[in-house]
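A short worksheet on the structure shown next.
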Amino acid sequence: MNTITAAITAVGAYVPDFVLSNQVLETMVDTNDEWITARTGIKERRILKDADKGTSYLAIQAAKDLIAKANIDPLEIDMIIMATATPDMMVASTGVYVATEIGATNAFSYDLQAACSSFLYGMSTAAAYVQSGRYKKVLLIGADKMSSIVDYTDRATCIIFGDGAGAVLFEPNYEGLGLQDEYLRSDGVGRDFLKIPAGGSLIPPSEETIKNRQHNIMQDGKTVFKYAVTNMADASELILQRNNLTNQDVDWLVPHQANKRIIDATAGRLELEESKVLVNIERYGNTTSGTLPLVLADFEDKLKKGDNVIFAAFGGGFTWGSIYLKWAYDKK
């Protein structure tokens, strides 16, 4: 019996139409385009302005894009993993609703939350289900409506985040393509450095928490930056060493799009030339769970069958890691 590996066989994406540029942000908070660009690499980000639409809307659109491009029947999807840090609501799973709305009524679904590492962790989970031989089509969606938790009076965070979604389909592969190795880690020391303080069981919503803006994302930027640079680079370097890969063997680095300086530091540690590093942060900002699949969607034309692709991410908690995947198809 041939060994089953789990390969990405299709990609979909969606970003809202409204563009929040650095120039517009200059009219909202004390900042400017030069400062934002130099420190983050971000020029603009997309915002879902509709008050009656949540993360599920972004996810549904990305999933529909994948289904249309891959020409698959939603009824054939076995399961859906919804990677998100901004679910529509507490308790009721966003992924379950998305599955029903796209017609994947034979699939079971659940949400996976690991902050900005959610999609990376989701890749590991989706691949494991496929490699078990029990499921043939696993849809992994990464989506976040970050604008719903951003305080637009806080110039430290409002310049960073945007809204967006991407989706990939994992299927069995018998050519040795797909996910090859993973190195995933977490450390609770990061709990206080990147968080939304209120709204959970520890500090339930109240008039006071709303007044104090405790339902918005807060971060200690310097500490997060330091941990992200070190851990993303360390994880990626370890993956290369463990699989006897040199920088010449790597075709593409797909890094989490949080900050261009973090991306550059990770690429620098691996001694990768700039042309091998896939970056779209200037157009979308940090879409959290959406960053990795949005990169794949934007650069799908460049990815060729057999390419060695290194994924890396870092998120609140702290959570981080790297995944080595062999690309399974040429875009038609």
Side-chain angles (χ1 to χ4, degrees), residues 37-42 83 85 114-124 142 160-161 179-194 219-282 284-296 298-299 302-303 307-327:
T37 304
R39 283 160 180 77
T40 68
I42 301 168
C116 290
S117 301
S118 296
F119 191 86
L120 190 78
Y121 282 23
M123 290 177 66
S124 169
I160 299 170
F161 296 102
L179 197 146
Q180 305 294 306
D181 195 12
E182 62 182 50
Y183 178 78
L184 305 177
R185 288 294 181 269
S186 61
D187 188 341
V189 70
R191 180 176 166 114
D192 289 329
F193 299 118
L194 180 54
Q219 74 167 357
D220 177 340
K222 289 183 180 179
T223 302
V224 172
F225 181 87
K226 180 182 72 174
Y227 274 92
V229 166
T230 301
N231 288 315
M232 268 181 63
D234 284 353
S236 302
E237 187 175 40
L238 186 144
I239 277 286
L240 263 61
Q241 292 173 354
R242 203 155 72 178
N243 291 276
N244 297 314
L245 298 172
T246 69
N247 59 346
Q248 297 301 310
D249 298 318
V250 176
D251 294 294
W252 309 106
L253 173 65
V254 180
H256 171 52
Q257 311 285 304
N259 185 301
K260 184 61 163 58
R261 291 186 295 164
I262 297 173
I263 294 170
D264 290 344
T266 303
R269 175 77 73 83
L270 302 183
E271 299 182 346
L272 290 179
E273 52 195 74
E274 192 175 348
S275 61
K276 290 185 173 184
V277 185
L278 302 184
V279 180
N280 60 7
I281 190 173
E282 72 281 357
Y284 305 133
N286 181 356
T287 56
T288 304
S289 308
T291 64
L292 296 182
L294 279 173
V295 169
L296 293 180
D298 277 1
F299 294 97
K302 287 179 173 282
L303 301 168
D307 280 357
N308 290 322
V309 186
I310 303 298
F311 294 81
F314 181 89
F318 291 127
T319 61
W320 71 93
S322 182
I323 282 178
Y324 165 35
L325 179 139
K326 280 187 172 291
W327 198 249

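What you are looking at is a predicted structure, and each value in this text was computed from that prediction instead of being measured.
Across all their heavy atoms, Lys260 and Gly41 have their closest contact at CB-CA, 3.8 Å. Closest non-hydrogen pair, Thr37 versus Ile42, comes out as OG1-O, 3.8 Å. In plain terms, the two heavy atoms of Leu184 and Ser124 that are nearest each other are CD1-CB, 3.6 Å. The minimum heavy-atom distance between Thr266 and Ser236, with the atom names listed, is CG2-OG, 3.8 Å.
Annotation: side chain of Glu182 is not in contact with side chain of Leu120 (no heavy-atom distance under 4.5 Å). Two residues are said to be in side-chain contact when any heavy atoms from C-beta on lie closer than 4.5 Å; Met232 and Pro255 meet this criterion. Considering only heavy atoms from C-beta on, Arg185 stays 4.5 Å or farther from Asn231 through its side chain. Side-chain contact between Val189 and Tyr227: present, with at least one pair of heavy atoms (C-beta onward) separated by less than 4.5 Å. Between Gln257 and Leu294 the shortest side-chain heavy-atom distance does not fall below 4.5 Å. In this structure, the side chains of Trp252 and Leu296 stay at 4.5 Å or more apart for every pair of heavy atoms.
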Name each donor-acceptor pair under 3.5 Å that joins a side chain in residues 312-322 to protein atoms two or more places apart or in another chain, with its distance.
residue, atom, partner, partner atom, Å
Thr319, OG1, Ala114, O, 2.9
Thr319, OG1, Ser117, OG, 2.9
Ser322, OG, Phe311, O, 2.8

- Message: For Asn280 and Val295: C-alpha separation, side-chain torsions, deciding distance, then whether side chain to side chain contact (heavy atoms under 4.5 Å, CB included) applies.
- Response: CA-CA 7 Å; Asn280 60 7; Val295 169; 3.5 Å; yes

- Kindly indicate, with the supporting measurements, whether the criterion side chain to side chain contact (heavy atoms under 4.5 Å, CB included) is fulfilled by Val250 and Leu270. CA-CA 9 Å; Val250 176; Leu270 302 183; 5.9 Å; no

- Query: Is there a side chain to side chain contact (heavy atoms under 4.5 Å, CB included) between Leu325 and Met123 once you walk through the steps?
  - Reply: CA-CA 10 Å; Leu325 179 139; Met123 290 177 66; 4.1 Å; yes

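Remark: side-chain polar atoms of Asn243 are not paired, donor with acceptor, to backbone N or O of Leu245 under 3.5 angstrom. A donor-acceptor pair is defined here as one N or O able to donate and one able to accept, closer than 3.5 Å; such a pair exists between the side chain of Lys276 and the backbone of Asn247. The main-chain N or O of Ala115 is found under 3.5 Å from a side-chain atom of Ser118 such that the two form a donor-acceptor pair. At least one donor-acceptor pair under 3.5 Å links the side chain of Asn259 to the backbone N or O of Arg39. Under a 3.5 Å cut-off, the side chain of Asp251 and the backbone N or O of Asn308 do form a donor-acceptor pair. Looking only at distances, no side-chain donor or acceptor of Thr291 sits under 3.5 Å from a matching main-chain atom of Thr287.
With values rounded to the nearest 0.5 angstrom, Leu292 atom CG is found 6.5 Å from Phe119 atom CZ. To the nearest 0.5 Å, the span separating NE2 on His256 from CD1 on Ile262 amounts to 7.5 Å. With values rounded to the nearest 0.5 angstrom, Gln180 atom CD is found 9.5 Å from Ile310 atom CD1. We find the SG-CG distance between Cys116 and Asn286 to be 4.5 Å, quoted to the nearest 0.5 Å. Here the straight-line distance linking atom CG of Leu194 with atom CG of Asp220 works out to 9.5 Å at 0.5 Å rounding. Between Asp298 atom CG and Leu278 atom CG the span is 9.5 Å, to the nearest 0.5 Å.
For the pair Arg242 and Tyr183, the cation-pi test (distance below 6.0 Å, angle within 45°) is failed.
For Glu274, the CD atom counts as loosely surrounded, since its 6.0 Å shell holds 12 or fewer non-hydrogen atoms of other residues, nucleotides or ligands.
For the residue pair Thr246/Gln248, the side-chain donor-acceptor check at 3.5 Å is not satisfied.
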